[in-house]
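Read the structure below first, then the notes.
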Amino acid sequence: MTFVILLAADFSRDEQAQWLTLLGDALPGETWVTDRSACDPGSIDVAIVANPPPGTLQGLRQLKFIQSLWAGVDTLLRDATLPADVPLARMVDPAMNAAMAETALWAVLSLHRGFFGYAEQQRRRQWQAQPQRRADEIGVAVLGLGQMGRAVAQRLAANGYRVSGWSTHNVQVANIASWCGDAALPAVLAAADIVVNLLPLTPATHGLFDARRLAQLPRGACLVNLARGAHVVEADLLAALDRGHLQHAVLDVFGTEPLPVAHPFWAHPQLTLLPHVAAQTDPRSAALIAARSIRDWRAGRAPQYLVDRSRGY
């Protein structure tokens, strides 16, 4: 028995062709469609999605399973037409975890050693050495201890940083001091020279880094946001940088993407910006993971990383 599988994603033609080739190799014999209007919508059994336009999955009467190609599903869950009773799995890929850990290590190391400041000195043709601290003198708080957060915390600890972890629910990570719950967050922030945010975006974490939370960081601390732009109240971050409370921020995600050309973030000297590239989905590995989830589902086994919609991840 074969299934009709819809690939619904905002991909370029070349990207779509690559995904179809890799998915077809991983799931041979299935029927693949990229446009629901090109077939009977009632025949679609499975949807593989990457931020499809709202309404894409509405009215698919036979839809039984949804696999996201992205790690975050907050955009997908905001679609009021998303079938509420269809199991949804998010993408958890060791290759993405490794890429995120690499980006976090680069950001933390660059902040710790002042490399962003040295880049500015180069632009000014200024030769000046700055004091150098050891890694074990730098406290790093990793917020969010899911798959990516754990990989980041362990990579940073392996490089000598004094790492603590915080999450909304109790999660223990080997050799990492871990905390959970709102009551513990102020103390975690107060002890951090650098905060790395990898929390899922939920109603509880939306706007988490507002003026009140940023003020809980010690003066001269730095923020690295690799999760979602909506975690940060942009005006409050700019104010904290401008008054010298925060030293620097590294941002990979923004409330509006692409970041508008007139946005004040572009020209701010204490901001380093990335175009949402901290950990991109690698089709070569992600196609295999998606295929495994679909095989598990059709064999009656629970796919890994099913989304708890009440939590938002």
Side-chain angles (χ1 to χ4, degrees), residues 1-11 15-36 39 41-53 56-58 60-79 81-101 144-151 171 198 200-202 227 279-313:
M1 178 181 177
T2 63
F3 287 118
V4 177
I5 304 177
L6 171 67
L7 175 62
D10 184 20
F11 290 147
E15 289 172 331
Q16 184 181 86
Q18 180 188 24
W19 277 104
L20 285 173
T21 296
L22 292 168
L23 288 166
D25 290 344
L27 289 168
E30 310 292 2
T31 300
W32 295 90
V33 295
T34 57
D35 181 355
R36 56 175 282 170
C39 69
S43 68
I44 295 172
D45 303 287
V46 174
I48 298 178
V49 302
N51 288 350
T56 298
L57 305 184
Q58 187 175 20
L60 301 183
R61 301 183 303 276
Q62 297 302 314
L63 188 65
K64 305 176 187 70
F65 181 61
I66 305 167
Q67 172 67 53
S68 175
L69 296 177
W70 295 162
V73 292
D74 48 284
T75 300
L76 193 60
L77 292 177
R78 286 199 298 271
D79 181 359
T81 70
L82 185 72
D85 57 346
V86 177
L88 165 64
R90 60 190 178 91
M91 176 57 61
V92 175
D93 183 350
M96 292 178 68
N97 296 343
M100 186 63 82
L145 295 175
Q147 295 285 328
M148 283 186 177
R150 291 196 291 272
V171 178
L198 286 162
L201 182 62
T202 68
Q280 301 179 75
T281 298
D282 187 332
R284 295 167 297 181
S285 54
L288 297 174
I289 291 169
R292 183 181 64 200
S293 290
I294 292 169
R295 285 195 298 269
D296 284 344
W297 165 74
R298 70 188 302 177
R301 299 186 296 267
Q304 287 188 300
Y305 310 116
L306 289 174
V307 172
D308 180 342
R309 299 194 190 202
S310 66
R311 289 187 176 184
Y313 57 93

Residue of the set T34, D45, D35, L57 for which side chain to side chain contact (heavy atoms under 4.5 Å, CB included) holds with L6 = L57
task = Identify which one of L69, V49, V33 satisfies the side chain to side chain contact (heavy atoms under 4.5 Å, CB included) criterion when paired with L7.
result = L69
Show the nearest heavy-atom pair for residues [X] and [Y], with the distance to one decimal.
X    : Y    : result
Q18  : P283 : OE1-CG, 3.8 Å
W32  : G24  : NE1-CA, 4.0 Å
G29  : T2   : O-CG2, 3.0 Å
G312 : T202 : CA-CG2, 4.5 Å
L22  : A287 : CB-CB, 3.7 Å
L63  : P83  : CD2-CG, 4.1 Å

inquiry  = I'd like to know whether V307 forms a side-chain contact (heavy atoms from CB on, under 4.5 Å) with L77, so could you lay out the CA-CA distance, the side-chain angles of the two residues, the decisive distance to 0.1 Å, and finally the verdict.
reply    = CA-CA 10 Å; V307 172; L77 292 177; 4.3 Å; yes
inquiry  = Ring-plane angle category for W70 and F11, please: parallel below 30°, perpendicular beyond 60°, tilted otherwise.
reply    = perpendicular
ask   = Under the 3.5 angstrom rule, does the side chain of R36 hit a backbone N or O of T56 as a donor-acceptor pair?
value =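 Side chain of R36 to backbone of T56: a pair is present.
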message = Between F3 and F65, does the side-chain contact (heavy atoms from CB on, under 4.5 Å) criterion hold? Intermediate values first, please.
response = CA-CA 11 Å; F3 287 118; F65 181 61; over 6 Å; no
message = Within the supplied structure, the quantity of interest is the number of heavy atoms (other residues, nucleotides, ligands) at a distance under 6.0 Å from D282 CG; does it exceed 12?
response = yes
ask   = Crowded around R284 CZ? As in, over 12 foreign heavy atoms under 6.0 Å?
value = no
request  = Run the numbers on V171 and R150 for side-chain contact (heavy atoms from CB on, under 4.5 Å), then give the verdict.
outcome  = CA-CA 9 Å; V171 178; R150 291 196 291 272; 3.9 Å; yes
query = Given the rule in the side-chain contact (heavy atoms from CB on, under 4.5 Å) test, do T281 and W19 qualify, once you have shown the distances and angles that lead to the verdict?
reply = CA-CA 11 Å; T281 298; W19 277 104; 3.8 Å; yes
I'd like to check [X] versus [Y] (side-chain heavy atoms, cut-off strictly below 4.5 Å). Are they in contact?
X    : Y    : answer
I5   : L23  : no
L76  : P52  : yes
Y305 : Q147 : yes

inquiry  = Just verifying a value: how many Å separate R298 CZ and S293 OG, rounded to the nearest 0.5 Å?
reply    =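 Between atom CZ of R298 and atom OG of S293 there are 13.5 Å.
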Report all side-chain donor-acceptor pairs from residues 85-100 shorter than 3.5 Å, counting only partners two or more places apart or in another chain.
| unit_1 | atom_1 | unit_2 | atom_2 | d |
| --- | --- | --- | --- | --- |
| D93 | OD1 | A95 | N | 2.9 |
| D93 | OD1 | S285 | OG | 3.4 |
| D93 | OD2 | S285 | OG | 2.5 |

